[in-house]
Amino acid sequence: MVSDNWTVGKVAQRAGVAVSALHFYERKGLIRSYRNAGNQRRYTSDVLRRISVIKAAQKLGISLEEIRETFATLPEGRTPTQQDWERLSTQWQDQLDARIRYLERLKDYLTGCIGCGCLSMKKCPLYNADDKLSQEGSGPVLLDREGTP
């Protein structure tokens with residue numbers, strides 16, 4: 001198969017995604033195709049790298065909109081090189097570090113009071129007597145705080 005003439009089925013199979021995912025990524029501006037003389041959708045082989053970056057970023061919790069915005073910073077909308085991936089991934093570092101801290105708090109406090117206001121646990125009166133944390137906002141107030149309750 002010529003590297004600049006990949007069918008949608010071949011790309012989907014090789015990238016490990018559904019054909020509908022390719023169409024979705026294309027509608028979102030994450031990948032591009034072209035039409036051959038028979039008006040069939042075709043891809044160049046470098047689309048596989050874009051899809052791999054999309055999948056890796058999604059596993060990190062990066063939204064498709066953030067991925068699209070980051071791809072838009074590439075010159076001429078080209079496919080990311082290894083150096084580009086290093087630069088792109090560092091843009092997400094602070095966000096990932098914050099998620100890691102949140103997950104660590106979740107792991108440490110999930111079995112105790114998280115400040116949600118339910119007051120159903122024995123520890124809640126210690127941390128959230130009379131639902132005083134409701135003044136700080138809704139949801140798991142203690143969990144959303146940096147630091148420990």
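Note that the structure is a prediction, hence the values are computed from the model and not measured.
The two residues Ala12 and Leu22 make their nearest non-hydrogen contact at N-CD1, 3.6 Å. A pairwise comparison of heavy atoms in Leu30 and Arg50 identifies O-NH1, 2.7 Å as the closest pair. A pairwise comparison of heavy atoms in Gln95 and Glu66 identifies OE1-OE2, 3.0 Å as the closest pair. Contact detail for Val17 and Lys55: the closest heavy-atom pair is CG1-CD, 3.8 Å. Closest of all the heavy-atom pairs between Ile67 and Ala57 is CD1-CB, 3.6 Å. Between Ile54 and Phe71, the shortest heavy-atom contact is CG1-CE1, 3.8 Å.
Rounding to the nearest 0.5 Å gives a distance of 11.0 Å between CG of Asn5 and OG of Ser45. To the nearest 0.5 Å, atom CZ of residue Arg14 and atom OG1 of residue Thr7 are 13.5 Å apart. Atoms CD and OH, from Gln40 and Tyr34 in turn, are 10.5 Å apart once rounded to the nearest 0.5 Å. Rounded to the nearest 0.5 angstrom, Thr73 OG1 and Asp84 CG are separated by 8.0 Å. Atom CZ of Arg49 sits about 8.0 Å away from atom CD of Gln82, to the nearest 0.5 Å.
Side-chain contact check for Tyr43 versus Leu48: every heavy-atom pair is 4.5 Å or farther apart. The side-chain heavy atoms of Lys28 and Tyr25, taken from C-beta on, include no pair separated by under 4.5 Å. At least one side-chain heavy atom of Val8 sits under 4.5 Å from a side-chain heavy atom of His23. No side-chain heavy atom of Phe24 sits less than 4.5 Å from a side-chain heavy atom of Ile31. Residues Arg35 and Arg41 form a side-chain contact, since some pair of their non-hydrogen atoms from C-beta on lies under 4.5 Å apart. Using a 4.5 Å heavy-atom cutoff, the side chains of Arg99 and Ile62 are in contact.
Take Glu65 and apply the side chain to side chain donor-acceptor pair (under 3.5 Å) test, not counting sequence neighbours, and it matches Arg68. In terms of the side chain to side chain donor-acceptor pair (under 3.5 Å) criterion, Arg87 has no residue partners (sequence neighbours excluded).
Both Leu60 and Leu64 are members of a single hydrophobic cluster when ILVMFWY side chains are connected at heavy-atom separations under 4.5 Å.
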